[in-house]
Structure formats: structure tokens, C-alpha cells
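See below for the structure under consideration.
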Amino acid sequence: MMFAPGWARAAGKLKSCFLIVWGACLLQLAAAGAVAAQGRVTQSLNADWRFCKGTAQVPPASAEWQKVSVPHTWNAADVLDDAPGYYRGVGWYRKTLHVPAAWQSRSLYLHFEGASQTAEVYVNGQLAGRHVGGYTAFSVPVGKLLRFDGAGLSANEVLVKVDNSPNPNIPPLSGDFSFYGGIYRDVYLVAANDVHFDLDNYGSGGVFVSTPGVSAAAAEVAVRGTVANDARAARTVRVTTRVLDRSGRTVARQQTRVKLAAGQRQEFRHALGSVPKPHLWSPDDPYLYRVVTTLGDDNARAATLDEVNNPLGMRWFRFDPNEGFFLNGQHLALAGASRHQDFQGLGNALPDALHERDVLLLKQMGGNFLRIAHYPQDPAVLAACDRLGVLAAEEIPVVNGITDSPEFFRTCETMQTEMIRQHFNHPSVIIWAYMNEVLLRLPDGATRENAAGQAYFKRVARLAQRLDSLTRREDPARYTMIVNHGAFDLYQRAGLTAIPMLVGWNLYAGWYSPKLEDFPAFMDQHHRELPTKPLLITEFGADADSRLHAFPGQRFDKTEEYAAQYHQFYLNAIRKRPFVAGAAVWNLVEFNAEQRQEANPHLNTKGLLTADRQPKAAYLYYQSQLLKTPFVRIGSRAWNLRSGTAAGPDSLFCAQPVEVYTNQPTVRLLLNGQELGTRPVVAGVARFRVPFRQGPNQLTAQVPGQALSDQAEIEFLLLPQQLTDARLPFTELNVSLGDQRYFTDAPLHQVWVPEQEYTPGRWGYVGGQAYVEPSNGRLPYGSGRNILGTEYDALYQTQRVGLRQFRLDVPDGQYEVTLHFAELETAPPAEQLAYNLDQRAAAKAAPTAGRSFDVWLNGQLVLPGLGADTYLSPLQATSFRLPASAQGGKGLVLDFKARTGMTILNGIQVKQQY
Ligand code: GCB
Ligand code: CA
């Protein structure tokens, strides 16, 4: 017997409920050495596909088919480049299936875990099935289209047309994430017996497990499903459900006989009496039972015709508007994060192991709650939540707005049904949601007040009502939720806070709006005005580019320091309000949003982890607050290459603040073995000032009286205060103008320091002011625009305007000076950042005011007439490297002289050669 290489992988791996089943069947068959297998066979089909981007019709015969394996996306690279937009269109995939003659009598299906966003599956040139929606699984029956020639293996062609073009009838319509195209999750071929559990039920496993009653004393388990008889003869089968504990002992069992006419489908229901003293499932003890449902031939006692395995967690829960969330009768503050499904460099095409790792990283943070947003994710995510004890909310991608068309409504309903049925058997799921910030973008012509607006609110409410009713019908045991942005009255008025069982709020006070204090006020308003409605904080977060640091951080400066401060404020405010059932940080990980203009473009940097999953300070802070085990970590331990200027003319250190995060009462800090003091811990944080020295600095945080400590190795590049200081010979200086932040460039081993004003003996600018983007009220300084032609956007986004000089009183010698420029004034001016940034404002940029200026170096005109007519095109990084010699103790003097408009400088690097 021969199988595709994916065979072993499918068999060995723990997958979602129904995939576990398949694995189990395979193992069983292999052990029995069964050749004429009767049970279900499943092969993963990930290897050896051919792909081409193409036209809407048949793929061009001459097309250069590229060899790929799935998971695959065609957008992994183009969401990262400087060209606005990414390919949204058709892609074709093809693959040869080799099927044995013995499968002719079987029921054969192709199962796709996800293809974005529409798919048409052809087998041997004929349409086998279609699917709409990029985030849910689907199964396509292919048996009738497969060819079986002779006794050996027969080759069959599978062709899949995938399309991620924008489509007004398919959510999401817009959003702050990239809508990657491709077959980006696993694909399987299922060969079931002609009598089998339902394989035509919205891509689900066809068998549904629930726990109608669970208490510490006893649990009732219910199982329902459908048996399908694809055979030409009538059959009578036995359906058996067994509940096994972890040791494999059967704790409950039920069997029924089902009679099926040829071609008939028949439902079955098992109510398994009570399991005494069930081992409960919880985050601390995610104990899983296994529910094995088998189909046996009534005549041949031994043969198993089909088998489906599902995980089972015995738990019960409720939400209370005053007291929050309760699991198994005990209060549990839900705390965690949301997560998108992409990974640095891979787009959304991830191996399961990377999905699982994210859930583990959430667990290791102390999180017990995952908001699976903004769409259903890989079954591996749900399975990991079950196993690790992470409670989950999942939602369909109705984001920012809706289309008022019957087709859009129907697509939403189908997606919701698929999500619920596909992930029904995951005990981790407690909430099904279906809308995110749906009133963020009103349609053209509609306002909050006018008739068009009112009509739109009605239509949105109608869709919400339909999805809510559907969800309660499909799954009466879970809660429904709508997630809103912080416009309380708007959602109230539209009726969207009344429809769902739970209301989620995405709140960004202190980020998109100025005052942190508006956050607690908002929670209190909900509690006051909607006293019967439990609430969750479904989003809050602040961007942090881990290369950027400042003392102190400021709102919107994208430093880790501000983000850490923001999260400390939020967590404390949430904890003071027991009526808040749960909170999920936006986001666990940095994620790609192609249209985002940022310090690090195309990236939403609100992640507590970087896009390659390195923890930022805020992640460590959450660990200190959420983990129950003793914990201590130096907050900025990952910032291990730093710089700064010596504290005074005589000192050989630079003092910078360092935060230590712990759940213990006091912390002692040592620098290179020398004690810096012991500090009390306030709300999880102990604050120190550390006198860093040139070179390696070893920081040790200790909890007095305990064997609990953390160590960080930090290399410090100490800049002399007086540039001729012989004890700290000048080597190089990198300055970001118009900037108050440090920027660490680890790969180049360079640190850019904030600007300063020139004083004799030192370095700095003379005259001018920091650039502030006129149309952007959020940035404290600099521009938010994408700068083309550089990976160092953050540096080019800030600038000093109108400076007269930049001077450095360096010792005599030979130097290399590099000046960096980017024209930040453009027309049209930058768009205001909305929560979702789906505009294409970056596409066109033209200079507003003409500017032209000269740069002189040590009295020589080196850059004449810099301006729009010469080298400075808008939002384009430009730099010039100039040799320079300092002589006669005069240092280096750069003069900036305007011809028209104002002079500018974005960055300067000075390096001593000899
Ligand atoms: C939101 C959205 C989310 C965005 C986030 C942000 O409210 O729900 O999709 O990514 O804000 O970072 O702006
Ligand atoms: Ca997968």
C-alpha cells in the first residue's frame, strides 16, 4: 500500500477533534496490518503542488507553474515591500492524486482547512465544489469525479482556483490586517467507508459532543451526529459512543442501532448517563476525556466502519454583570490577548507548530484567555487551547462595516455556522462572536444623525439579530458577543449592546485618544448604563517598536517605555473593577497590516511579542502579574545594546531608569556585582536608576531572601560628554534629529541617540525645531508616513527644521560624516490615523512648499541646492556620505543655509577613521 509523504505526518500529530480521529484510525489499521482497510483513511496532501498566479479563466497552459507545498500564500513578500497594495486576484493550484482501485467503492472527500478567500475545486476538469470565505474549512466530495483505471493506482488531476479579490459580499470588507490569498492551511484526502459519519456538514467532523449538565458530583454527556449510507444497499449499523478518561478507562458508553436505506442519512443522539465525580477541565488542570464514536456493521461484529474521536472537557461556566466570570463555580478573571494568524516572513501560511507555539506563549505569560480575532483560525489553535487550558472566544470576520445585500447576510450566516460546527467540540471555546467595530466606518452619505445613518444602523442590527439567533440555536451552551469600538452611545442607539449576551469593548484611551483616565471612566459608564450586561475589554494596546526607547516614553512615540506604562495603567484599572469579566490585550504578537504606515511599516506593533516572537517589556510585566509562581524579570532585558552620554564632565557612567517586574514585595538590583539598592515593589514594578558604564554591564535583580533572580547582559556604548575626553576616546556618533528616542540597530551594532543642542566641547544642533506633522494630532513629533527606500523609517520620520548648524567639537583627525534626509512635507497631507488604516494615502505624495538649501562642511559648500528639484523627493530616504577632517582644534562644523523655505536634517552619523 502506498501513500503520499504526508501520511506519517497526519498519523503522528495531535490535530483538532476530527483530525485526531483520523490519526487514530490510521494507527489502528497499521497495527493490525490491515490491507483491505474498512475504517476511514486520511492522507494529508500538503506536499508537491504546482502554483501559478493567473487569469480568472483556465490557467494558461504555458504558465510557469511553480513548485510549492501548502500551507502556501502568494502574498508573503508583497505585503512587506514599499509598493502600496498587494496581489489580490486569482491563483491556481494543481496536484496529481494517486488512488488505489480499492477506493472505488469508498466515499472520497478533499478537505481544506482554509483557502482565502474563495475556492473552486476541479477534479479531472470537472467542478467538484466551491467555497466562499477565507477562514473556515470545507470538504468537497470527489468520489464521482475520480477515475479508476485498472487494478493499480490511478492518477487524477486536482485543480483549485483560489481568489482573494475584494468582494463586497464576503467579509471582511476592510480591516487592519492583510487579506492573504492562497491555500494557506492543511489539505487532506479522506477515504471513508461508504457507510460513514457525516462528511457533508459545513466542513465539520459531523459528530457533536456537549455536556448538558456538569457539576463536581456528576456530568452528563450528550453526543449527536448523522450517519450517511452512500451504498446502493440498505444497511443496519451500530453506533457506539464511549467516554474514556486519560488512562483509557471507559467511564460512559452508549450504543444504538441505525437502519439506513440505500443513499439515506440518519441522525443519532446519545445521552450518556452521568459520569460520577468528573475530573474537571480548567486552566490549571486542562484534563481532557476522549469521546470515541464508532460505526460498526451489525452483521460483522468485529468490523469498524468508521470512527470519530473528540476531546471532552468537563466544565461549566457563567458570566455575571456584577461579578464577572465563573468557571466550575469559581471566580476566574479572564486575562489574555488576541492573536492574528501570521508570522514574520511567512504571511499566514504557517505550520501547525507555529500556531501551537503562540498559544503556549500566551499560557507562559500567565494568560488564560485567547480572543481568536478577527476570524476563525487553524484547528491547531483550538486544539492547543484545549490542551493547555486557555479559554477562547472566536468570531467571524465582520469587521468595520457590512454590505446591505442578501448575499452578504447569507455568507455571514454560513460562516458563523461553519465556525460553530467545526469548532463545536473544543471545550476551550466559551464565546462565539460575530462583529467587530461594525459602526467604525459608516457608508458614504450616512452620518450618526441623518436618515441614511439610521437606516444603516437598522440593517446592521438586523444582521446582528440574525447571527445572534443562529448562534443561540446552534449552540445554546455558549455565550454570544459583539465587539465594539469606544463609541458607547452609537452602539447603544443602534441596539447592538442589547442583542448579544456579552458586550466587548475595544478601548484605546491614552493611545488613539489622549487621556489614559478615559479608560476607567468608560468601564464605569458601561456598568452604570448597562447594569445587566456582562462586559469584556476585548482590545487595548499601544504600538511599540522594540528598537525604540525613551525616558520617559510619550503617547504615540512607539517606544517600549510608553507601551509598558500604558499596560501597567490598564491592568490596574481593570483589576479594580470586578464587574469586568475579562480583558484581552491587542495583540499577543505583532502582525502584518500591509496598509499600515508605522515606525516599522506594514506592521501593527501592538504585540507583546515581536513578529518573530521575542518578548517585549510589557509581556514580562504581564507575566509578573498573571503567573502564580514567583517571578522576577528585568523589564528591558531584551534591550541589550544601549547608548547615552556620560553624566558629567568627570563621570564615566550614564544613569538610565530600569524597571523590574515581579510578584514579590521587594527587589534588590546589582550592577556588575555591586549593589544598587533594594526597592519596594509598587503594583508589580520596582524602579531603579542604573549607572551604566562603557562596555558590558551585568544587571542582576534579586528577590531578598529567595533564590529568585534575573540577569541581563547589557552592552553600553558610553558617549563622552566632552568629545576630547581622553578617557573615552571618540569613535562614532549616530544622532536622530527631531527625535527624543534611542534607536538600537542590533544588526549593525549601532545606537542612534536623541538630538541635543550644541554647547562648547560637545555636539548638537544650533537653531530650528523638531518637525511635527501638521495633520496628525497624535504624534508628539515626527511623521507617521511610510518612508520609501529604507528599513529605517523611524529615523527618517523625525527631522529638525530650520537648523543653522550642526557642530561636533571632536578631536583633530580624519572622519566620515553621513547626512540623512527625507522630505516630510507632502500634499495631500497624511491622513488621520483611524483604528483601521485601509486608506491608500501613501500612494501619491507631492511636495507642498518648495525648499532649497546648501550644506557647508568646515567652510566648504558640499551639498549645494538640496531640495525637491534635486535630491529630495517626498517621503524618500536620501543620504550623503562626506569625508571630513578636523584640524586646529576646530572640530566639525556643518552650516545649513536656506535659499528658499527651511533647512532640514533627519539624521547624522559621524565616524572617526584615524
Ligand atoms: C482596533 C481593531 C483592530 C486594530 C486595532 C489597532 O480597534 O479592532 O483590528 O488592529 O484597533 O491596532 O488599531
Ligand atoms: Ca493546520
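The analysis underlying the following values was restricted to heavy atoms, covering all of them including side chains, and did not include hydrogens, waters or symmetry mates. What you see is a predicted model; the values in this text were computed from it and never measured. Remember, it's 1-based here, ligands and their atoms both numbered in the order they're listed.
- Contacts with ligand 1 closer than 4.0 Å are made by no heavy atom of V483, backbone or side chain.
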Pair Y562-D557, side-chain contact (heavy atoms from CB on, under 4.5 Å): steps then yes or no: CA-CA 7 Å; Y562 184 76; D557 67 2; 3.7 Å; yes
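- For R466, the salt bridge (charged side-chain N to carboxylate O under 4.0 Å, His left out) partners two or more places apart in sequence, or in a different chain, are E413.
- R613 is linked by a salt bridge (charged side-chain N to carboxylate O under 4.0 Å, His left out) to D358, counting only residues two or more places apart in sequence or in another chain.
- Residues Y792 and Y796 keep their aromatic ring centres 6.0 Å or farther apart.
- For atom 11 (O) of ligand 1, the nearest non-hydrogen atom from the set F591, Y508, W586, Y512 belongs to Y508.
- Within the set H374, K606, E437, E539, the minimum heavy-atom distance to atom 9 (O) of ligand 1 is found for H374.
- When heavy-atom distances to ligand 1 are checked against a 4.0 Å cut-off, N436 comes that close only through its side chain, counted from C-beta outward.
- Screening E560, E590, H567 against K616 for a side chain to side chain donor-acceptor pair (under 3.5 Å) leaves a single residue, E590.
- Numbered from 1 in the order shown, with element, the atoms of ligand 1 that lie under 4.0 Å from a heavy atom of R596 read 6 (C), 12 (O), 13 (O).
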